[in-house]
Participant: 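Sharing a structure here in structure tokens format.
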Amino acid sequence: MDNVFEALNERGFIKQVTNAEQVTRLLAEKQVTYYVGFDPTASSLHVGSLVPIMAMAHLQRAGHKPIAIIGGGTTMIGDPTDKTEMRPMLSKEQISANGKGILAQLQRYLNLDNTLVNAGNSQTPSRVGGFFNNADWLLSINYIEFLRDIGKHFRVNEMIRAEGYKQRLERELGLSFLEFNYQLLQAYDYLYLFREYGCRLQLGGDDQWGNILAGVDLVRRIEAERVHAVTFPLLTTASGAKMGKTAGGAVWLDAERTSPYEFYQYWINVDDRDVSRFLAYFTFLPIDEVRRLGSLEDEAIREAKEVLAYETTRLAHGKAEADKARTASRAAFGGGNLDEAEMPTSVIAAERLNAGIPIMALFHEVGLANSRSEARRLVQQGGAYINEKQCRSIDMVVGTDLLEDNALLLRAGKKRYHRIVLKEN
RNA sequence: GGGGGUAUGCUAGAGCGGUCAAAUAGGGCAGACUGUAAAUCUGUUGGCUAUGCCUACGGUGGUUCGAAUCCAUCUGCCCCCA
């Protein structure tokens with residue numbers, strides 16, 4: 001097997017490791033079962049989850065066996081290290097529905113079976129991974145047993161020294177007992193997966209370091225076995241923003257929430273300074289190619305961005321969609337003809353247009369403005385276009401006289417398009 | 001259980017009883033400049049049938065000609081004591 005750990009490190013995936021040498025050796029010697037936890041609060045993952053996903057994919061390609069966990073059980077508690085957002089309580093049904101959506105997305109990157117897989121031994125050659133909801137084993141836990149078997153291995157002194165808890169204790173926020181237990185449950189996950197599936201490596205965001213280590217310790221104490229932890233650097237964009245957020249909210253992997261074209265555009269529009277890092281993280285291009293593209297400067301960097309956008313879109317949505325998105329993007333910004341098929345389109349009844357629609361209403365209706373007032377501002381400030389002609393009059397009424405090929409092309413600002421076609425009846 | 005504090009727009013955070021749709025910063029949007037980048041500059045940023053009207057400053061009820069601003073009460077959060 002290749003030296004995956006080295007490869008991951010070279011691509012920037014590694015922030016902390018329990019023991020780099022041992023992990024390198026472990027991954028070189030035999031097939032390793034490893035796991036990553038995902039948050040089941042939404043039915044789709046967003047680009048922020050792409051770091052762990054790509055890391056998992058690299059490992060699987062190198063012959064190792066992934067397990068993805070959704071934290072249906074742990075979500076019911078709420079991770080105190082993520083104190084910015086209150087997590088909503090989700091029903092079991094909701095969580096498993098979300099799990100299905102997440103699984104479908106993971107399967108684009110990983111070979112995962114949704115039933116498990118070679119229970120209990122990592123010796124089998126199968127590389128097919130597993131996908132579980134930790135609620136399956138956490139919900140049935142008996143409190144007294146848990147305290148006695150698991151709880152006794154945790155020293156409160158140590159726990160409150162951990163950064164995540166420490167901050168909460170020092171700040172005014174306080175920490176509920178419920179949250180204080182989060183770490184135990186996550187540690188128990190690791191123990192469970194070690195016992196059942198021989199899992200020996202857990203990966204996660206760097207904010208999870210403490211929680212993952214708790215699991216490593218627990219396995220050592222109870223099973224007297226050495227298992228490992230690897231964390232990824234927390235990704236922010238060069239401008240300091242959280243990865244994957246745009247004006248419209250998160251960039252989702254689900255094509256329903258974020259169209260392949262928007263997805264593609266997200267990557268095209270990344271900050272110059274992020275390009276080479278992102279190529280290493282989010283594509284499978286050989287590292288030499290990543291370096292070559294990353295070294296491009298000024299205008300030439302657009303080539304690198306195009307590769308980044310194309311590759312990421314291809315991974316998330318497939319080649320056909322990526323091709324379409326690239327064509328559409330080139331057309332929209334390269335001066336060529338716009339590809340109508342790629343644009344958000346709505347249908348409008350012919351008689352409505354005959355009667356005339358106020359421009360503000362039109363922009364609002366198709367979603368290029370969130371309200372009529374916003375549409376009004378857009379027009380007043382010169383950001384509204386119909387068929388590439390700027391419209392600055394808020395009194396303008398759009399009628400059939402503006403039709404071109406029986407359609408209207410609306411544009412808001414530089415990048416947002418919407419096409420309207422007429423429906424005769 | 002006792003005492004104290006706080007609650008404002010997307011976020012942070014000002015706000016004398018009238019001139020408050022609410023300072024300021026960040027964010028967002030639009031324009032200029034560009035490379036579909038960054039930085040910079042400018043405008044804008046509750047809604048609407050729009051020189052006016054409606055809805056908003058945790059909930060409810062008061063005082064007042066008039067309340068985001070005062071009082072009561074409820075709720076949430078925080079701090080101190082137990």
Side-chain angles (χ1 to χ4, degrees), chain A residues 78 80 83-86 167-176 179 236-251 259 261-279 293-310 312-313 325-336 338-339 342-343 355-386 388-397 410-418:
Chain A
K83 60 230 171 237
T84 46
E85 278 165 65
M86 268 278 276
Q167 281 180 14
R168 279 290 291 269
L169 288 170
E170 283 169 1
R171 303 251 163 90
E172 303 113 30
L173 285 167
L175 182 69
S176 74
E179 293 169 314
T236 50
T237 62
S239 50
K242 221 178 187 177
M243 174 78 199
K245 301 283 187 204
T246 63
V251 179
S259 73
Y261 177 73
E262 290 172 276
F263 188 85
Y264 184 93
Q265 285 298 320
Y266 171 77
W267 298 104
I268 284 285
N269 285 317
V270 298
D271 196 304
D272 285 8
R273 293 166 291 177
D274 290 325
V275 172
S276 82
R277 269 160 75 225
F278 285 6
L279 281 165
L293 290 167
S295 66
L296 296 174
E297 282 177 4
D298 300 322
E299 281 194 52
I301 204 167
R302 281 157 61 209
E303 180 197 337
K305 287 186 181 180
E306 193 174 74
V307 173
L308 174 67
Y310 182 77
T312 50
T313 308
R326 182 167 63 185
T327 307
S329 177
R330 280 180 179 166
F333 297 98
L338 294 168
D339 182 354
E342 267 316 292
M343 229 171 275
I357 303 171
I359 184 166
M360 288 166 7
L362 193 63
F363 272 79
H364 176 217
E365 193 174 316
V366 301
L368 289 174
N370 289 324
S371 68
R372 289 190 183 204
S373 295
E374 197 176 303
R376 167 188 295 261
R377 268 173 239 129
L378 192 69
V379 173
Q380 282 171 340
Q381 298 184 26
Y385 298 79
I386 295 179
E388 296 302 323
K389 259 183 48 206
Q390 194 177 45
C391 303
R392 300 201 72 134
S393 164
I394 56 168
D395 300 320
M396 180 171 172
V397 173
L410 305 187
R411 173 154 73 92
K414 290 194 181 70
K415 301 178 188 174
R416 288 146 56 220
Y417 286 90
H418 196 102

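Each chain gets a letter, A, B and so on, in the order the sequences are listed, and its residues count up from 1.
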Participant: Just jot down the salt bridge (charged side-chain N to carboxylate O under 4.0 Å, His left out) partners of A:R302, sequence neighbours excluded, or say none.
Facilitator: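 Listed in chain order: A:E299.
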
Participant: Would you tell me if any nitrogen or oxygen in the side chain of A:R302 comes within less than 4.0 Å of OP1 or OP2 on B:rU36?
Facilitator: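 A:R302 to B:rU36 OP1/OP2: side-chain N or O found under 4.0 Å.
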
Participant: Salt bridge (charged side-chain N to carboxylate O under 4.0 Å, His left out) with A:E374: which residues, sequence neighbours excluded?
Facilitator: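 Once residues adjacent in sequence are excluded, A:E374 has no partner under the salt bridge (charged side-chain N to carboxylate O under 4.0 Å, His left out) criterion.
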
Participant: Can you identify which nucleotide, out of B:rA37, B:rU36, B:rG35, has its nearest atom closest to the A:I301 side chain?
Facilitator: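 When the side chain of A:I301 is considered, B:rG35 is the closest of B:rA37, B:rU36, B:rG35.
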
Participant: Excluding sequence neighbours, so at least two apart, what forms side chain to side chain donor-acceptor pair (under 3.5 Å) with A:T312?
Facilitator: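 Residues passing side chain to side chain donor-acceptor pair (under 3.5 Å) with A:T312: A:W267.
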
Participant: Please report the distance, rounded to the nearest Å, between CZ in A:F278 and P in B:rA38.
Facilitator: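 From A:F278 CZ to B:rA38 P: 13 Å.
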
Participant: Sequence neighbours excluded, which residues qualify as salt bridge (charged side-chain N to carboxylate O under 4.0 Å, His left out) partners of A:R326?
Facilitator: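 Partners of A:R326 under the salt bridge (charged side-chain N to carboxylate O under 4.0 Å, His left out) test: A:D323.
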
Participant: Would you indicate whether the side-chain heavy atoms of A:L293 and A:V275 approach each other to under 4.5 Å?
Facilitator: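 Counting from C-beta outward, A:V275 and A:L293 never come under 4.5 Å.
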
Participant: Where the side chain of A:K414 is concerned, which of B:rA38, B:rU34, B:rU36 is the nearest nucleotide?
Facilitator: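 The listed nucleotide nearest to A:K414's side chain is B:rU34.
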
Participant: Fill in the dot-bracket string of RNA chain B, one character per base: . for unpaired, | for a pair to another strand, ( ) or [ ] for pairs within the strand, taking Watson-Crick or G-U pairs under 3.5 Å.
Facilitator: (((((((..(((.....[.....)))((((((.......))))))(((...)))...(((((..]....)))))))))))).

Participant: Nearest whole Å is fine: how far is B:rG35 P from A:R330 CZ?
Facilitator: 19 Å

Participant: Test A:F363 against A:I386 for side-chain contact (heavy atoms from CB on, under 4.5 Å), laying out the working first.
Facilitator: CA-CA 10 Å; A:F363 272 79; A:I386 295 179; 4.3 Å; yes

Participant: How does each nucleotide of nucleotides 42-49 of chain B score, in 5' to 3' order, for protein heavy atoms under 4.0 Å: base (B), sugar-phosphate only (S), or none (-)?
Facilitator: -BSS-SBS

